Amino acid sequence: MSEYNHNSFEPKWQKYWQDNNIYKVDIDKSKPKYYTLDMFPYPSGAGLHVGHPMGYIASDIVSRYKRLKGFNVLHPMGFDSFGLPAEQYAIETGQHPAITTEQNISTFKSQMNKIGFSFDWSREVQTSSPEYYRWTQWIFEQLFNAYYDKDENKAKDIAELVKHFEANGSEGINAECDDDATVFTAEDWKGYSDNEKATILLQYRLTFLSEAMVNWCPALGTVLANDEVKDGVSERGGHPVERKKMKQWMMRITAYADRLLGNLDRLDWSDALKEMQRNWIGKSIGCELDFKVADSDITLTAFTTRVDTVYGVTYVVLAPEHELIPTLTTDAQKEAVETYVEEAKNRSERDRQSDVKTVSGVFTGSYVINPLTGEKVQLWIADYVLSGYGTGVVMAVPSSDDRDFRFANHFDLPIIRVIEGTEDMEDPTQVKKGKMINSGFLNGLDSDEAIKVAIDKLVESGQGKAKVNFRIRDAVFSRQRYWGEPVPVYFDENDSPQLVPDQQLPLNLPEVENYLPTPEGDPPLGNAKDWKFDDKFGYELTTMPGWAGSSWYFLRYMDPQNKEAFVSKEAVEYWNQVDLYVGGTEHATGHLLYSRFWNMFLFDMGFIGHEEPFQRIVNQGMIQGRSNFVYRVKGTNQFVSYGLRKDYDVQPLYVDVNIVNNDELDTEKFKEWRKDYADAEFILEDGKYMCGHVVEKMSKSKYNVVNPDVVIEKYGADTLRLYEMFLGPIEQSKPWSMQGIDGVWKFLRKMWRLFYNDQGQLVVTDGKATPEELKILHKTIKKAGEDMESLSLNTTVPAFMVCVNELAAAKCHKKEVLEQLLVILSPFAPHIAEELWHEALGHEDSVILASFPEFDASLLVEASHTYPVSINGKMRVKIDLPMDISQEEAKEAVFANEVVKKWVEDKPIKKFIFVPKRIVNVVV
RNA sequence: GCGGGUGUGGUGAAAUUGGUAGACACGCUAGACUUAGGAUCUAGUGCUUCACGGCGUGGGGGUUCGAGUCCCUCCACCCGCACCA
């Protein structure tokens with residue numbers, strides 16, 4: 001074969017790998033395991049664009065590398081196949097989402113296979129298949145049957161809680177539960193009806209029904225979890241979201257808040273990612289303290305992290321939603337308060353968020369007593385206090401909190417400075433910590449000390465206690481949609497939720513004629529005919545959220561066909577944690593928290609042996625689109641080139657980037673692109689039509705989507721793989737550009753020419769490699785190995801280029817060298833490696849089964865080193881010196897050099913620095 | 001506002017973690033071979049200067065024999081969170 005021609009062999013090897021099940025893996029205890037995972041995609045109708053495979057390519061390279069290094073590598077792929085787009089499409093067209101989804105998956109798979117990924121497709125999972133969601137439902141049932149014991153700090157079987165209730169009632173139980181959990185005795189418990197018992201247990205279960213404020217999105221017709229709402233609108237589609245009280249299934253993720261936070265320290269994730277999770281969990285350590293309402297027996301409990309500043313409290317504020325407001329409002333203030341509360345209620349979430357600077361509030365007319373100072377201060381209501389955080393009551397310290405400061409200034413409330421040094425400052429909140437002043441028994445203490453002393457005092461007098469608060473909320477689990485897992489629950493004659501028995505799982509998603517809510521306002525599942533448990537009891541009509549199926553799929557890959565369990569003990573023991581998880585940062589607070597939560601729960605219950613699912617995560621950057629524009633002269637069919645557009649009155653129009661090459665428009669293709677452009681005329685510059693460009697998200701409507709199939713057609717999968725890595729560090733976002741892909745392609749052609757000459761004759765020779773040739777090879781082995789371990793894949797490609805350039809220059813065609821080069825290149829470019837491995841080198845087995853060559857350090861040892869010699873820190877000349885030269889000898893040699901003499905002249909030598917194998921620096 | 005990150009040629013980017021700044025590619029320039037070139041090969045290519053040289057890693061300052069790398073300070077851009085008490 002005379003020329004490198006990817007089309008002639010890439011499909012051939014893809015078929016060979018598939019036919020020979022080369023990527024199929026099984027438990028093999030004789031080998032160490034390695035688990036590489038990609039965040040599985042939602043199979044959208046648009047197919048893959050060139051941005052998607054970047055992470056997949058990186059993880060594929062690592063998988064292939066680890067395999068060559070002797071690991072048994074689990075590298076699966078599957079589909080997160082429940083989701084909104086397929087359902088929206090069903091609503092519009094009546095097409096069942098399962099059909100659309102199946103078609104899309106088939107497109108995705110064919111695109112992936114063309115790139116040559118080493119996935120073990122026999123382990124594929126699809127979250128929407130009943131065989132899979134049977135176990136998602138099963139996990140839901142385990143969560144239903146469990147509660148969280150705060151003493152042992154783990155989830156336990158709900159039966160143990162029942163035992164405790166039977167013996168002691170609610171006395172002495174330290175478990176995660178609803179805030180308003182019932183208090184009762186063992187006697188009470190025995191007297192309760194089944195229904196009453198069920199209601200109480202629901203207050204403890206890790207998945208539970210609750211009447212709660214939720215994010216309701218009318219446009220999508222469903223509630224959304226907090227992480228699915230961004231800036232007050234839905235993350236998908238950008239529709240407005242309202243707060244609404246609804247009965248919903250919830251997940252008690254807050255039980256795990258502290259462990260989810262604490263474990264972060266031992267995970268090998270980027271700081272940014274960990275920080276995002278920390279923020280989301282939002283732990284704050286502080287205390288609760290009681291403010292008695294003056295002339296009343298009501299006590300308000302406030303949460304603060306800065307109890308040291310308690311002497312600076314000049315007023316206390318309630319959230320507008322606080323339920324005691326009517327009782328606490330004096331008659332004189334009644335009207336003002338009601339007006340304010342009404343207004344605050346009507347402000348949308350979005351308003352409240354975007355308008356942070358406006359100060360508003362109202363005085364209740366009541367006063368409260370500071371528990372530590374005995375001072376009487378005003379009680380206010382303001383919407384800067386959130387009902388959902390802490391207790392909905394804030395002790396305001398205008399001298400150290402920005403919001404309190406603004407508020408006090410606005411309403412002319414007193415400000416007491418309690419930190420030394422802030423006495424004369426216009427804005428005392430600029431200094432947050434220091435020695436306490438004006439603070440009674442806290443005077444002279446440092447802020448941090450004062451916090452401890454103040455808490456002790458509060459505890460002593462029974463007016464407060466240390467308290468840790470979390471920002472994270474329990475997760476809403478219900479979705480009022482069709483295309484998701486049915487919740488395996490029915491409601492009995494008392495309307496009490498009951499689990500569908502295990503033997504009857506999966507509870508299949510029923511057929512419906514209409515994917516919209518029922519006329520009664522029930523979710524779409526309400527349209528299912530005769531869908532009842534035991535023909536009697538109605539099933540739960542909401543479905544599970546998108547994150548349910550994706551919260552445990554990494555476990556199912558280990559044992560995907562298991563009919564007896566979600567994963568066998570043996571499989572999960574062997575494959576254990578995911579060693580490398582590659583995916584986008586957009587899942588930082590959703591998927592990655594929920595997965596950790598479920599995994600931790602399954603660990604607590606003894607089903608799996610590891611607490612954290614993903615030891616190492618690498619977030620690949622986004623590939624942005626690069627849109628092109630043409631400029632039509634208004635009212636004509638004339639298009640003016642980018643550089644000349646200023647001379648005309650033009651309208652920029654998107655043009656398909658696939659008919660533009662390096663910003664130059666293919667005018668012929670442009671005329672064919674659309675009917676109305678068929679007789680377009682062009683005003684050219686330098687004989688070319690140049691387009692404008694802008695970097696933005698890849699999307700169909702912007703005509704900037706580049707399909708990997710197109711790149712593969714022209715350059716081949718190996719070039720695509722190498723090029724996507726060559727573009728830069730994997731974590732970095734960058735616009736897609738084809739500039740430079742030629743360089744990678746040329747590299748593969750050069751590589752090819754080490755094996756075949758222009759006439760297509762094999763030129764590989766059998767001779768013994770020279771030390772020089774071995775050196776070229778081994779420094780590449782070293783570099784490639786290190787890079788693949790650290791995922792610096794962008795620098796590996798140049799290392800290969802240098803290697804091939806040097807071998808070509810040395811006219812080295814020796815089998816001994818080329819054979820090993822093919823092995824180390826094969827993770828990046830498996831097709832060309834396999835082709836040459838068989839056709840040029842005559843191997844029978846696949847290169848995938850080879851071993852990664854051992855790097856031999858002794859081959860890189862040199863007799864001499866070229867030292868850069870600097871005079872006063874400026875590099876002036878390079879001198880070859882023997883490796884083992886002493887400082888004295890080096891000095892002699894350096895000063896004998898003409899160039900050095902010229903620079904030094906007769907100036908006195910101040911210093912002579914000699915760093916072996918590095919540098920010489922002369923200071924004059 | 002808080003937190004995280006990034007700033008290096010015309011472009012994408014390297015730099016053994018304090019030791020020759022710009023590897024490797026794209027692009028560009030010149031030449032060779034060619035009927036032809038969006039093929040291939042050779043040479044050049046940070047800026048500046050005829051040259052010797054000088055200047056160069058967002059700006060300013062510092063530590064050091066030596067700083068893209070460490071410290072201080074300021075600026076710009078990107079990402080995340082945001083009345084969280």
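Treat the numbers as computed from the prediction; the structure is a model and nothing was measured. Because only heavy atoms are used, hydrogens play no part in the values below, and waters and symmetry mates are left out as well, while side chains stay in.
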Check the distance between [N]'s [atom2] and [X]'s [atom1] and give it to me in whole angstrom.
| X | N | atom1 | atom2 | answer |
| --- | --- | --- | --- | --- |
| A:Phe912 | B:G19 | CZ | C1' | 14 Å |
| A:His322 | B:A85 | NE2 | C1' | 14 Å |
| A:Leu318 | B:C83 | CG | C1' | 16 Å |
| A:Leu264 | B:G3 | CG | C1' | 15 Å |
| A:Phe914 | B:C65 | CZ | P | 19 Å |
| A:Asn279 | B:G80 | CG | P | 13 Å |
| A:Arg471 | B:A85 | CZ | C1' | 14 Å |
| A:Phe405 | B:A85 | CZ | P | 19 Å |

Identify whether any heavy atom of [X] sits under 4.0 Å from a base atom; if not, whether one sits that close to sugar-phosphate; answer base, sugar-phosphate or nothing.
| X | value |
| --- | --- |
| A:Ser870 | nothing |
| A:Asn805 | sugar-phosphate |
| A:Arg473 | nothing |
| A:Trp745 | nothing |
| A:Asn872 | nothing |
| A:Leu727 | sugar-phosphate |
| A:Lys714 | base |

Could you tell me if [Y] and [X] have a donor-acceptor pair between their side chains, going purely by distance under 3.5 Å?
| X | Y | value |
| --- | --- | --- |
| A:Asp666 | A:Tyr689 | no |
| A:Ser399 | A:Tyr311 | no |
| A:Ser284 | A:Asn469 | no |
| A:Thr866 | A:Asp880 | yes |

Establish, with yes or no, whether the OP1 or OP2 oxygen of [N] is under 4.0 angstrom from a side-chain nitrogen or oxygen of [X].
| X | N | result |
| --- | --- | --- |
| A:Asn469 | B:C84 | no |
| A:Gln732 | B:A13 | yes |
| A:Tyr389 | B:A85 | yes |
| A:Lys746 | B:C26 | yes |
| A:Arg278 | B:G4 | no |

Measure from the side chain of [X], starting at C-beta and using heavy atoms only, and say which of [options] lies closest.
| X | options | result |
| --- | --- | --- |
| A:Arg753 | B:U40, B:C65, B:G3 | B:U40 |
| A:Tyr384 | B:G3, B:A25, B:C83 | B:C83 |
| A:Asp271 | B:G5, B:U20, B:A13 | B:G5 |
| A:Arg876 | B:G54, B:U17, B:A23 | B:G54 |
| A:Arg403 | B:G19, B:C83, B:A14 | B:C83 |
| A:Ile919 | B:U20, B:C24, B:A14 | B:U20 |
| A:Met875 | B:C83, B:C24, B:U20 | B:U20 |
| A:Phe726 | B:G12, B:G80, B:A85 | B:G12 |
| A:Lys911 | B:A14, B:U17, B:C65 | B:C65 |
| A:Arg918 | B:G19, B:A85, B:A25 | B:G19 |

| task | Classify the ring geometry between A:Phe855 and A:His778 as parallel (under 30°), tilted (30 to 60°) or perpendicular (over 60°). | result |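 Tilted, since the angle between the ring planes falls between 30° and 60°.
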| Geometric class of the A:Phe407/A:Trp380 ring pair [parallel <30°, tilted 30-60°, perpendicular >60°] |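 Plane angle over 60°, so perpendicular.
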| field | First encountered from the 5' end of RNA chain B, between A:Val229 and A:Val923 | value |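 Counting from the 5' end, the first nearest nucleotide belongs to A:Val923.
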| task | Name the residue closer to the 5' end of RNA chain B, choosing between A:Val802 and A:Thr866 according to the nucleotide with the nearest heavy atom. | result |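 The answer here is A:Thr866.
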Integer angstrom distance from the [atom1] of [N] to that of [M]:
| N | M | atom1 | result |
| --- | --- | --- | --- |
| B:C72 | B:G4 | P | 13 Å |
| B:G80 | B:U11 | C1' | 29 Å |
| B:U69 | B:A14 | C1' | 14 Å |
| B:G37 | B:U29 | P | 15 Å |
| B:C47 | B:U64 | C1' | 27 Å |
| B:G59 | B:C77 | C1' | 15 Å |
| B:A32 | B:C52 | P | 28 Å |
| B:G9 | B:G58 | C1' | 15 Å |

Quick one: look up who [N] pairs with, Watson-Crick or G-U, both distances under 3.5 Å, and put none if it's unpaired.
| N | value |
| --- | --- |
| B:A82 | none |
| B:G56 | none |
| B:C77 | B:G5 |
| B:A32 | B:U40 |
| B:C24 | B:G12 |
| B:U63 | none |

| query | Does the A:Glu228 side chain pair with the main chain of A:Ala225, one donor and one acceptor, at a distance under 3.5 Å? | reply |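 Yes.
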| task | Name the orientation of the base relative to the sugar in B:G9: syn if the glycosidic angle is within 90° of 0, else anti. | result |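 Because its glycosidic torsion lies within 90° of 0, B:G9 adopts the syn conformation.
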| task | Check the chi torsion on B:U17 and let me know: syn if it falls within 90° of 0, anti if not. | result |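 Syn, angle within 90° of zero.
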| said: Any salt bridge linking A:Lys746 with A:Asp742? Criterion: basic side-chain nitrogen under 4.0 Å from a carboxylate oxygen. | reply: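 Judged by the 4.0 Å cut-off on N to carboxylate O distance, A:Lys746 and A:Asp742 do not form a salt bridge.
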| Ion pair present between A:Lys779 and A:Glu806, side-chain N to carboxylate O less than 4.0 angstrom? |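 Salt bridge between A:Lys779 and A:Glu806, a charged N being under 4.0 Å from a carboxylate O: yes.
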| query | Quick one: are the ring centres of A:Tyr867 and A:Phe914 less than 6.0 Å apart? | reply |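 Centroid separation for A:Tyr867 and A:Phe914: below 6.0 Å.
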| Under-3.5 Å donor-acceptor pair between A:Asn921 side chain and B:C65 base |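 A donor-acceptor contact between them is present.
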